[in-house]
Protein chains: 2
Amino acid sequence: MTGVMSDKELRRVTRGFQTLHSVLRLRILAALAERESNVRDLEDVLRVSQPLLSWHLTQLRQAGFVTAERMGREVRYRFQPAAFQELVHTMETLLGISLSNEEK
Amino acid sequence: MTGVMSDKELRRVTRGFQTLHSVLRLRILAALAERESNVRDLEDVLRVSQPLLSWHLTQLRQAGFVTAERMGREVRYRFQPAAFQELVHTMETLLGISLSNEEK
DNA sequence: CTAACATATAAACGCTTATTTATGGATTTA
DNA sequence: TAAATCCATAAATAAGCGTTTATATGTTAG
């Protein structure tokens, strides 16, 4: 039963994990999960420089965790829950575990 | 509602993600999820050098994904599902999402 | 006790990537 | 159209980490 999952599929997963490896990235995601925001808003909330934010947002977007939409001169970023959910689902399959919410 | 989660808690999560960032690590975990093994067995299954395996196993162990037990001159490694499950649970809380297995 | 086996550790190297600083591009406003 | 605003990109630097090679530690067998 070894090797049932392709390297391509696993690389997609590891890319997701790589992208979530810093506290700042998680804080950005959490902020966007609360409400969609432009870069300026995040800058104020998270107290980090604008280029640094742009870079992290690009990484999160390329990994599918957020989407970006130009609106006037702003760019609004939105959290995308599906990306993480799919990641977890692949891991459940790979490891043969389940994350059932405690049975009621 | 921003910042409900401590940096300490988030660092624990990011450490978990950091640890799962390579395909080889995932393959090691998947192999151990199938059956507990010593280093020699994994070496044969995964076709990587012994020091490299030892290093990755140490990382996985320090992050809580596996446990190690000395048995004679071997060391048996076991997959530890709880670590990943807790990781996911923290993320659900942080992002306000749920990964419910489809409701029946 | 010595040799063989199983695993861990150390040193050295290279690569990736986060961060800072500076600048460019796009859009609106006056 | 000129200035201001918002965001992205480039260059440079530094730090972390995976990989290899070599050696050390621990355990059993003869």
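Within every chain, numbering begins at 1; the chains are lettered A, B, ... in the order of the sequence lines, protein sequences first and strands thereafter.
- A sub-4.0 Å separation between OP1 or OP2 of D:dA8 and a side-chain N or O of A:Tyr77 is present.
- Here C:dT9 presents its P atom at 12 Å from CG of B:Leu57, a figure rounded to the nearest Å.
- Counting non-hydrogen atoms under 4.0 angstrom, A:Arg25 reaches the backbone sugars and phosphates but no base.
- When the side chain to side chain contact (heavy atoms under 4.5 Å, CB included) test is applied to A:Ala68, the partners found at least two apart in sequence or on another chain are A:Arg61, A:Val75, A:Tyr77.
- The side-chain hydrogen bond (donor to acceptor under 3.5 Å, both in side chains) test applied to A:Thr14 returns no partner, not counting sequence neighbours.
- Regarding A:Gln59, its CD atom lies at a distance of 11 Å from the P atom of D:dT9, rounded to whole Å.
- Rounding to whole angstrom units, CG of residue A:Asp44 and P of D:dC7 are separated by 10 Å.
- Residues meeting the salt bridge (charged side-chain N to carboxylate O under 4.0 Å, His left out) test with A:Glu86, sequence neighbours left out: none.
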Requested in this report: Would you give a per-nucleotide map of nucleotides 19-30 of chain D, 5' to 3', where B means the base has a protein non-hydrogen atom under 4.0 Å away, S means only the sugar-phosphate does, and - means neither?
Outcome: BSBB----BBS-
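- Taking 4.0 Å as the cut-off between side-chain N and carboxylate O, A:Arg12 and A:Asp7 do not count as a salt-bridged pair.
- Every residue was checked against the salt bridge (charged side-chain N to carboxylate O under 4.0 Å, His left out) condition with A:Asp41, not counting sequence neighbours, and none meets it.
- Contact check for A:Leu57 versus A:Leu32: side-chain heavy atoms found under the 4.5 Å cut-off.
- Contact annotation for B:Arg61: no contact, since no heavy-atom pair falls under 4.0 Å across all strands.
- One atom, CG of A:Leu42, and another, C1' of D:dC6, lie 13 Å apart when rounded to the nearest Å.
- Every residue two or more places apart in sequence or in another chain that forms a salt bridge (charged side-chain N to carboxylate O under 4.0 Å, His left out) with B:Glu36 is listed here: B:Arg76, B:Arg78.
- Across the protein-nucleic acid pair, A:Gln62 atom CD and C:dT17 atom C1' stand 13 Å apart, rounded to whole Å.
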Distance-only check: which donor-acceptor pairs under 3.5 Å involve side-chain atoms of residues 15-23 of chain B, not counting sequence neighbours?
residue, atom, partner, partner atom, Å
B:Thr19, OG1, B:Arg15, O, 2.7
B:Ser22, OG, B:Arg25, N, 3.1

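- Judged as a side-chain hydrogen bond (donor to acceptor under 3.5 Å, both in side chains), and not counting sequence neighbours, the contacts of A:Gln50 are A:Ser54.
- Going from atom CD of B:Glu74 over to atom C1' of C:dA8 covers 15 Å, rounded to whole Å.
- In this structure, B:His21 atom NE2 and C:dC15 atom C1' are separated by 12 Å, rounded to whole Å.
- Of the residues in residues 9-18 of chain A, those placing a heavy atom less than 4.0 Å from an atom of DNA chain C are A:Gln18, in numerical order.
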